[in-house]
Asks: 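Pasting in a structure now, in structure tokens, and then I'll have a few things to ask.
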Amino acid sequence: MSMKHLGKKLYYIPRPTRWTKGIGAALPEEYKKFWKEWKMQTPSAVHYIEQKGRYVKNEETGEVYPVQNVPLPLLYPKEFHEGLWGGEAIIQGFTKKHKYARRYPRFWFPTLKKSVVYSEVLDKYISVVVTNRTIDLINEHYGFDHYLLKTPACDLKSELALKIKRQILLSLLDKTLYPDDPVKKEEIYNKYKEYLTAYTRGEIEWYGLTYKEACQKFIKQNEEKNEVKPLKLQYRSELIAQLKEEESQIAAKKPSVWKLPWNPFTSSKSN
């Protein structure tokens, strides 16, 4: 390594992030694992056709080009996290009317519609905004629960989808599904219990939370753990315990029957 590069490395100061300082650095590894799956893992290609390999050949000209799977710039509005869009989003780009016309910006919106999905584990019908791709994915996975449990967080993307998935995992983990029907409970639990092998209890408890919700959960846990109690309560309990101990010691020394050396009901002459 040259002295120039060595000097740059020595004077390099990494940029602070939410995970290197403050409350973000103190969050448990279980949540950081979920965050990597949600925000940092590469999602599946939805708006473009992913090409395999490193190079591709043009069959007409014979030219060879390097493969460049560049994701399209996508926009996720607030309404995105309130529905199940199946990985689709708003595409921002440019278009033009003919070859020699000036291009102008354009937005492509997915087709949204209101539908009802059914969770077999939660035994609930959920009214939600979906896309045609969402319905196709649910049918491909043979059910809404299988779709959520098999799909990683980077492909679900929506906060609503992740919260439903978290509820399903917690219901399976604690076996709170179908409390009034033991037979149905065992049937559904055995059908979906294989998905629990990919998670620990801690990972499920932190799964599906936003960064703000994770910070609030961490603060609440620390407050419950380090709850400050008034000293008067401590001193009162210590005083009560001390008085009880002294009372028991006095009772142990005190004779059970009083024995007087003389009888007060007899005269001194008789003695």
Side-chain angles (χ1 to χ4, degrees), residues 1-2 4-5 8-9 15 17 32-118 128-162 164-165 192 194-195 197-199 207-208:
M1 183 182 294
S2 64
K4 182 179 180 181
H5 292 135
K8 287 184 177 180
K9 188 174 182 181
R15 184 177 180 180
T17 63
K32 293 179 181 178
K33 179 182 177 181
F34 161 72
W35 183 268
K36 291 178 182 178
E37 179 188 339
W38 185 23
K39 297 293 186 179
M40 302 176 67
Q41 187 173 324
T42 304
S44 302
V46 177
H47 300 285
Y48 67 97
I49 300 175
E50 185 179 8
Q51 296 179 339
K52 305 296 181 181
R54 298 180 58 186
Y55 299 94
V56 60
K57 182 178 180 181
N58 190 328
E59 299 297 338
E60 296 182 358
T61 61
E63 294 180 287
V64 178
Y65 302 95
V67 172
Q68 297 180 355
N69 291 316
V70 181
L72 298 176
L74 302 177
L75 299 178
Y76 299 97
K78 181 183 67 175
E79 292 77 10
F80 171 83
H81 293 287
E82 299 173 358
L84 304 174
W85 291 17
E88 295 190 59
I90 299 175
I91 303 175
Q92 180 182 7
F94 294 90
T95 186
K96 51 186 179 179
K97 295 182 178 180
H98 54 84
K99 182 178 180 181
Y100 299 103
R102 178 178 295 180
R103 68 176 188 175
Y104 57 92
R106 181 184 172 183
F107 295 90
W108 286 266
F109 297 87
T111 303
L112 305 175
K113 58 184 179 181
K114 198 73 172 288
S115 183
V116 176
V117 294
Y118 174 68
V128 65
V129 176
V130 299
T131 62
N132 292 329
R133 187 172 189 271
T134 306
I135 301 299
D136 294 339
L137 289 172
I138 293 175
N139 294 331
E140 288 178 9
H141 289 85
Y142 301 99
F144 180 62
D145 299 84
H146 286 296
Y147 162 63
L148 292 182
L149 294 171
K150 285 184 179 180
T151 307
C154 60
D155 289 336
L156 293 175
K157 198 78 176 179
S158 165
E159 294 178 7
L160 176 63
L162 294 172
I164 298 174
K165 182 176 180 179
Y192 294 96
E194 60 181 278
Y195 295 106
T197 57
Y199 307 94
Y207 196 91

Asks: Output all residues satisfying salt bridge (Lys or Arg N to Asp or Glu O under 4.0 Å) with K33, sequence neighbours left out; order by chain, then residue number.
Replies: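 Listed in chain order: E203.
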Asks: With sequence neighbours excluded, tell me which residues meet side-chain hydrogen bond (donor to acceptor under 3.5 Å, both in side chains) with Y65.
Replies: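 side-chain hydrogen bond (donor to acceptor under 3.5 Å, both in side chains) check on Y65 returns E63.
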Asks: Using the test side-chain contact (heavy atoms from CB on, under 4.5 Å), find all partners of V117 that sit at least two apart in sequence or belong to another chain.
Replies: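 For V117, the residues satisfying side-chain contact (heavy atoms from CB on, under 4.5 Å) (neighbours in sequence not counted) are I126, V128, I138, F144.
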Asks: Of all residues at least two apart in sequence or in a different chain, which pass the side-chain contact (heavy atoms from CB on, under 4.5 Å) check with T151?
Replies: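 Counting only residues at least two positions away or on another chain, T151 forms a side-chain contact (heavy atoms from CB on, under 4.5 Å) with H141, Y147, D155, L156.
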Asks: According to the ring pair (Phe, Tyr, Trp, His ring centres under 6.0 Å) rule, which pairs have a member within residues 72-93, sequence neighbours left out?
Replies: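 The answer is Y76-F80, F80-W85.
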Asks: Mind checking the NZ-CZ spacing from K39 to F34? Nearest 0.5 Å is all I need.
Replies: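 Between K39 NZ and F34 CZ, I get 8.5 Å after rounding to 0.5 Å.
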Asks: Quick check for you: to the nearest 0.5 Å, what is the distance between D145 atom CG and Y192 atom OH?
Replies: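 If I round to the nearest 0.5 Å, the distance is 4.5 Å.
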Asks: If the condition is side-chain contact (heavy atoms from CB on, under 4.5 Å), which residues does T42 pass it with, not counting sequence neighbours?
Replies: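 Per chain and number, T42 pairs via side-chain contact (heavy atoms from CB on, under 4.5 Å) with no residue.
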Asks: Supply the atom-to-atom distance E140 CD to R133 CZ, rounded to the nearest 0.5 angstrom.
Replies: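 With rounding to 0.5 Å, CD (E140) is 8.0 Å from CZ (R133).
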Asks: Scan the side chains in residues 100-115 for donor-acceptor partners under 3.5 Å anywhere in the protein, sequence neighbours excluded, and list what turns up.
Replies:
unit_1, atom_1, unit_2, atom_2, d
K113, NZ, N132, OD1, 2.8

Asks: Please name all residues satisfying side-chain hydrogen bond (donor to acceptor under 3.5 Å, both in side chains) with K32, sequence neighbours left out, ordered by chain then number.
Replies: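 Result, side-chain hydrogen bond (donor to acceptor under 3.5 Å, both in side chains) vs K32: none returned.
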Asks: So, for H146 and Y195, which heavy atoms are closest and what is the spacing to 0.1 Å?
Replies: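 Nearest pair, atom of H146 first, then Y195: ND1-OH, 2.7 Å.
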Asks: For E37 versus Q41, what's the shortest heavy-atom pair and its separation?
Replies: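 Taking E37 first and Q41 second, the nearest heavy atoms are O-CB, 3.6 Å.
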Asks: For Y118, what residues pass the side-chain hydrogen bond (donor to acceptor under 3.5 Å, both in side chains) criterion, not counting sequence neighbours?
Replies: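 For Y118, the residues satisfying side-chain hydrogen bond (donor to acceptor under 3.5 Å, both in side chains) (neighbours in sequence not counted) are D123.
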Asks: Yes or no on side-chain contact (heavy atoms from CB on, under 4.5 Å) for I91 and L74, after CA distance, side-chain angles and deciding distance?
Replies: CA-CA 5 Å; I91 303 175; L74 302 177; 3.8 Å; yes
Asks: Checking Q68 now: which residues fulfil side-chain hydrogen bond (donor to acceptor under 3.5 Å, both in side chains) with it, not counting sequence neighbours?
Replies: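 Counting only residues at least two positions away or on another chain, Q68 forms no side-chain hydrogen bond (donor to acceptor under 3.5 Å, both in side chains).
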Asks: Please list, chain by chain and in numerical order, all residues satisfying ring-ring contact (aromatic ring centres under 6.0 Å, His included) with Y199, sequence neighbours excluded.
Replies: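 Listed in chain order: Y207.
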Asks: Hey, is the main chain of G83 close enough, under 3.5 Å, to the side chain of S158 for a donor-acceptor pair?
Replies: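 Looks like yes, one N/O pair under 3.5 Å.
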Asks: Nearest heavy-atom pair of L84 and A161: which atoms, and what distance?
Replies: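 Scanning both residues, the minimum pair turns out to be CD2-CB, 3.3 Å.
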Asks: In a table with atom names and distances, give each donor-acceptor pair under 3.5 Å that connects a side chain of residues 45-55 to protein atoms at least two apart or in another chain.
Replies:
unit_1, atom_1, unit_2, atom_2, d
H47, NE2, A89, N, 3.3

Asks: CG of L137 to NZ of K150: how many Å apart, nearest 0.5 Å?
Replies: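 Rounded to the nearest 0.5 Å, the CG-NZ separation comes to 12.0 Å.
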